[in-house]
Structures are given as structure tokens and as C-alpha cells.
Amino acid sequence: MPEASDQNIVNAARAIERGELVAFPTETVYGLGADAENADAVAKIFALKGRPQDHPVIVHITDATQLSHWAREVPAFAHELIKHFWPGPLTLVLNKQPGVADACTGGQGTIGLRCPAHPVALALLREFKQGQGGIAAPSANKFGKLSPTTAQHVRESFGETLPILDGGACEVGIESTIVDGSRPELGAVLLRPGMLSVAALRAVLGATPLLLPDDINDRANPRVSGALPAHYQPDTPLRLLLNADVIYSKLAVTIGSNVSNSALLCFDASAKSTLDSGFRVLRPMSGEPALYAQHLYANLRELDKLGLDCIYIELPPLTPEWLAIHDRLKRAAHR
Ligand code: TXA
Ligand code: MG
């Protein structure tokens with residue numbers, strides 16, 4: 001796997017300073033980066049992604065010393081979360097300083113801030129504007145599609161002309177946990193679950209973060225694309241199998257349609273393949289949430305190229321450590 005060299009990183013920082021776009025790895029997914037304080041550069045992100053203008057983008061920063069440049073109000077609980085989880089897969093939505101990075105906020109008074117844990121991302125942030133800048137970066141995919149977890153995924157969406165820092169495959173594999181700290185009277189509000197779990201947040205907060213139902217969240221935060229019912233989607237229709245303990249030999253019958261051109265993402269493929277399930281592809285998935293998340297999007301992208309009628313997914317257990325994965329599966333399957 002070609003790793004971005006120091007010179008690649010310096011060149012990328014200079015390109016972003018000139019107002020160009022560069023894709024870069026984070027520990028969650030690859031981002032499509034631009035100078036957060038250059039409105040023309042940020043506009044290029046929206047144009048390339050085909051993203052609605054009023055959806056805000058996350059600003060990536062070097063470390064917590066940069067917070068006060070962007071956020072005007074940081075509640076004590078947000079400081080605690082930052083102390084424990086930055087650099088890491090946690091984005092905080094905070095009330096923003098007036099006049100900064102308006103192009104990144106979709107017209108809202110809040111800003112999403114994150115310090116990523118990937119060494120290439122951190123080196124890029126330290127090099128860009130000598131560590132004092134912010135890099136606006138949504139996931140490097142077309143709007144509504146699956147986030148990329150390798151440099152090759154980014155190339156498949158945007159071609160060879162977009163510069164990409166290659167940092168190998170992303171370790172986390174799905175997007176960061178987003179906590180809203182802009183309404184301190186509500187405490188911490190979970191806007192998007194991620195692999196930084198509710199249990200981990202609770203351990204620091206001393207309380208469970210508020211999880212608003214999507215419809216209320218949409219009204220309070222109308223421009224959170226990650227909260228749209230259809231998001232993170234492959235082109236192939238995706239169907240979730242609710243009965244976790246399906247009898248695999250009978251599954252094709254249970255589904256009631258011809259599955260000879262379909263795939264099944266399942267937890268125990270060895271047992272199933274011997275049972276002649278009738279599926280064209282059986283894709284074994286890990287029973288460990290962290291490993292499942294790491295490989296989920298890469299698997300869906302690979303299966304998406306096969307011209308399948310449908311991708312069936314055996315739902316993981318309905319337990320808290322699978323919350324973020326359930327969230328992505330639900331949105332990916334929404335039609
Ligand atoms: O892991 C991640 O968060 C990746 C990597 C590249 O950092 N980024 C990512 O960005 O997933 P994106 O734009 O695809 O999703 C960010 C989500 C969107 O749903 C966006 O609407 C929301 O964060 N968001 C950003 N700023 C916000 C704000 N000020 N208020 C509410 N939501 C915000
Ligand atoms: Mg995205």
C-alpha cells in the first residue's frame with residue numbers, strides 16, 4: 001500500500017492553501033479537503049460531491065488549542081470529551097465564532113469540529129498554514145453514496161485528476177460520532193452514532209447523551225445530511241433480514257424470490273455455504289462490531305460492482321455496541 005510521503009503531505013498542504021481540493025485519509029473514512037476559510041475552495045467541495053448547498057461540512061483542526069478560533073462557546077462537557085477522545089473519531093457541533101468559515105456551516109450558527117487520529121491527516125493539518133488552519137472535509141464520495149475507506153474508493157468516485165493522499169485502509173471504517181454541544185441546556189446530544197460508543201461517551205459525561213428521534217433532530221438541525229433517511233447507499237438495492245436466526249438452508253425460500261443473482265452478508269458463511277443457500281455470493285462478516293464496521297463499506301462497494309439484483313444483510317444483534325452499524329445499514333437500505 002503506497003503511503004503518502006512527507007513530500008506528498010507538504011505538496012498537499014500547499015495545494016489546499018492555494019484553494020485546491022485534496023482527498024486525505026482519516027481513521028474513519030477518507031475526506032475531501034479544502035481550506036475552511038476560503039469560500040471558493042469550499043464551494044468546489046459542494047460542486048464535486050453534488051451536495052446541497054445548505055449541508056454543513058466538518059472542519060478538521062490540529063488540536064484543541066485551535067478551538068477558540070472557531071467556537072465561541074465550549075461547554076465544560078465538550079472540553080471533557082475533547083480531552084478524552086481527540087485526536088479521534090468524535091466530531092463536536094459547537095456555537096461558532098461570528099464571521100469564521102461561514103461557507104462550512106450551511107447558514108447555521110454552529111460549526112462541526114474534529115481532530116482526526118490518522119497520522120497522515122495530522123501531519124497534513126500541522127503542515128497546512130503551520131498548524132493554525134482548518135480543513136473542511138466531508139466524506140470523499142458523491143452525495144448520498146457510501147463513504148470511501150481506501151484511496152482507490154476515492155479514485156473510483158472522482159477519477160485520477162483529484163490529488164489523493166494515500167494512507168491505506170481506514171481503521172474505523174464508518175463516519176465519526178457527532179455530539180452536539182451547541183444547546184448546553186440539553187447537555188450532550190448525539191446527532192450521529194459512530195464507533196466511539198454511547199457507553200464510552202457516558203463514561204466521560206457521567207450521563208447518557210440525549211438521542212433525539214430523527215424527525216425531531218431534523219427539525220432542530222434541518223441540515224444534517226447524515227440524518228437523512230436515505231444515505232450511505234450503494235446502487236444495488238439492499239434488504240435487511242430481521243430474523244437473525246434464519247435457517248440458512250431455507251433462507252432463499254423464506255425470502256420468496258430468486259436469489260441466484262443476489263448476495264448475502266452473513267455471520268456464519270462456512271455453515272451456510274455447505275447448506276447450498278442458493279445465493280450467488282455469501283460474504284462472511286465479523287461478529288466483532290469494530291471489525292464489521294472496518295470492512296462494511298469496502299464489502300458493499302465490491303458487491304455493488306457485480307450487477308446483483310439485491311444485497312441481503314443479516315442484521316447484527318440488537319445490542320448497544322452495534323448501534324452505529326444499525327444506523328448505517330438502515331439508511332443504506334432505505335428506498
Ligand atoms: O468521520 C467523519 O466525520 C468524516 C471524516 C472525513 O472526518 N466526515 C464526514 O463528513 O462524515 P460528512 O460531511 O460526510 O458528514 C458530516 C455530518 C453531516 O451529516 C453534516 O450535516 C454534519 O456532519 N454536520 C457538519 N457540521 C454540522 C453542524 N454545524 N451542525 C450540524 N451538523 C453538522
Ligand atoms: Mg458523508
Side-chain angles (χ1 to χ4, degrees), residues 22-34 36 42 45-46 48-61 70-72 85-97 100-118 120-122 124-125 134-149 153-154 157 165 167 170-183 189-196 212 214 217-233 293 297 324 327-328 331-332:
V22 176
F24 64 97
T26 80
E27 77 280 31
T28 56
V29 300
Y30 275 70
L32 182 60
V42 174
I45 296 179
F46 285 82
L48 193 61
K49 271 186 72 98
R51 189 181 206 187
Q53 292 292 334
D54 58 354
H55 284 220
V57 290
I58 295 172
V59 176
H60 298 72
I61 58 177
W70 308 92
R72 101 180 123 75
F85 300 122
W86 277 12
L90 172 69
T91 297
L92 279 155
V93 170
L94 298 167
N95 288 313
K96 82 176 191 69
Q97 292 286 14
V100 298
D102 286 326
C104 300
T105 66
Q108 306 187 84
T110 58
I111 188 159
L113 294 171
R114 168 161 125 78
C115 173
H118 196 289
V120 173
L122 281 174
L124 176 66
L125 284 163
I135 299 183
S139 50
N141 51 274
K142 295 280 186 184
F143 178 68
K145 298 296 176 187
L146 294 170
S147 296
T149 57
H153 293 163
V154 182
S157 299
L165 288 175
C170 300
E171 229 179 281
V172 177
I174 65 172
E175 306 77 4
S176 61
T177 302
I178 304 183
V179 172
D180 185 358
S182 72
R183 290 169 283 177
V189 178
L190 186 66
L191 291 185
R192 179 173 73 183
M195 295 312 285
L196 178 66
L212 298 175
D214 277 351
N217 224 347
D218 289 351
R219 262 179 274 144
N221 275 289
R223 292 172 284 255
V224 182
S225 54
L228 295 175
H231 208 65
Y232 314 112
Q233 294 206 323
Y297 290 163
D327 172 78
R328 302 307 188 276
R331 295 181 207 285

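Values below: all heavy atoms of this structure, side chains included; hydrogens, waters and symmetry mates excluded. Start at 1 and go down the list; that is how both ligands and their atoms are numbered.
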Trainee: Considering Arg192, His60, His118 one by one, which has a heavy atom nearer to atom 11 (O) of ligand 1 than any of the others?
Mentor: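 It is Arg192 that holds the nearest heavy atom.
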Trainee: Looking only at non-hydrogen atoms, find the nearest pair between Val42 and Cys104 and report the distance.
Mentor: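 Where Val42 meets Cys104 most closely, the heavy atoms are CG2-SG, 4.0 Å.
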Trainee: So is there a nitrogen or oxygen of Ser139 less than 3.5 Å from a nitrogen or oxygen in ligand 1?
Mentor: yes
Trainee: Who pairs with Tyr30 by ring pair (Phe, Tyr, Trp, His ring centres under 6.0 Å), at least two apart in sequence or on another chain?
Mentor: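 In terms of ring pair (Phe, Tyr, Trp, His ring centres under 6.0 Å), with neighbours along the sequence ignored, Tyr30 is linked to no residue.
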Trainee: How far apart are the closest heavy atoms of Leu125 and Ile61, and which atoms are they?
Mentor: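 Looking at all heavy atoms of both residues, the shortest contact is CD1-O, 3.5 Å.
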Trainee: Would you mind telling me if ligand 1 is within reach of the side chain of Thr110, the backbone, both or neither, using heavy atoms under 4.0 Å?
Mentor: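 The answer is both, backbone and side chain.
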Trainee: Would you please name every residue forming a ring pair (Phe, Tyr, Trp, His ring centres under 6.0 Å) with His118, sequence neighbours left out?
Mentor: none
Trainee: Between His153 and Tyr297, is the ring centre distance below 6.0 Å?
Mentor: no
Trainee: Given that the side chain starts at C-beta and the backbone is N, CA, C, O, which of these parts of Arg51 lies under 4.0 Å from ligand 1, counting heavy atoms, or is it both or neither?
Mentor: side chain
Trainee: Using a heavy-atom cut-off of under 4.0 Å, does the side chain or the backbone of Ile111 touch ligand 1, or both, or neither?
Mentor: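 The part of Ile111 near ligand 1 is the backbone, not the side chain.
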Trainee: Return yes or no for this condition: an N or O of Glu175 is under 3.5 Å from an N or O of ligand 1.
Mentor: no
Trainee: Before signing off on this row, confirm whether His55 and ligand 1 have an N or O atom pair separated by under 3.5 Å.
Mentor: no
Trainee: Is it the case that ligand 1 has an N or O less than 3.5 angstrom from some N or O of Lys49?
Mentor: no
Trainee: For Ser176, take its heavy atoms, then give the atoms of ligand 1 lying under 4.0 Å from any of them.
Mentor: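 Ligand 1 atoms under the 4.0 Å threshold to Ser176: 1 (O), 2 (C), 3 (O).
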Trainee: Taking 2.8 Å as the cut-off, does Ser139 contribute an N, O or S atom near the Mg ion (ligand 2), distance below it?
Mentor: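 Under 2.8 Å: Ser139 contacts the Mg ion (ligand 2) through an N, O or S atom.
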Trainee: Is there at least one pair of N or O atoms, one from Thr26 and one from ligand 1, spaced under 3.5 Å apart?
Mentor: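 There is no such contact.
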Trainee: Provide the closest heavy-atom pair for Ala117 versus Pro87 in the form atom of the first, atom of the second, distance.
Mentor: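 Smallest interatomic distance, heavy atoms only, reads CA-CB, 3.7 Å.
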Trainee: So that I can tick it off, tell me whether Arg114 and Glu175 are bridged by a salt bridge, with the cut-off set at under 4.0 angstrom between side-chain N and carboxylate O.
Mentor: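 No, Glu175 and Arg114 are not salt-bridged.
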Trainee: Are any of the heavy atoms in Val93 under 4.0 Å away from ligand 1?
Mentor: yes
Trainee: For Val29, run the side-chain contact (heavy atoms from CB on, under 4.5 Å) check against Pro89, Ser139, Pro138, Ser176 and tell me which one passes.
Mentor: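 The passing option is Ser139.
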Trainee: Closer than 4.0 Å to some heavy atom of Gly112 - which atoms of ligand 1 meet that?
Mentor: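 Atoms satisfying the 4.0 Å criterion: 26 (N), 29 (N).
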Trainee: Grab the two heavy atoms, one from Thr26 and one from Pro116, that are nearest each other, plus how far apart they are.
Mentor: CB-CB, 4.1 Å
Trainee: Is the shortest distance from a heavy atom of Lys96 to ligand 1 less than 4.0 Å?
Mentor: no
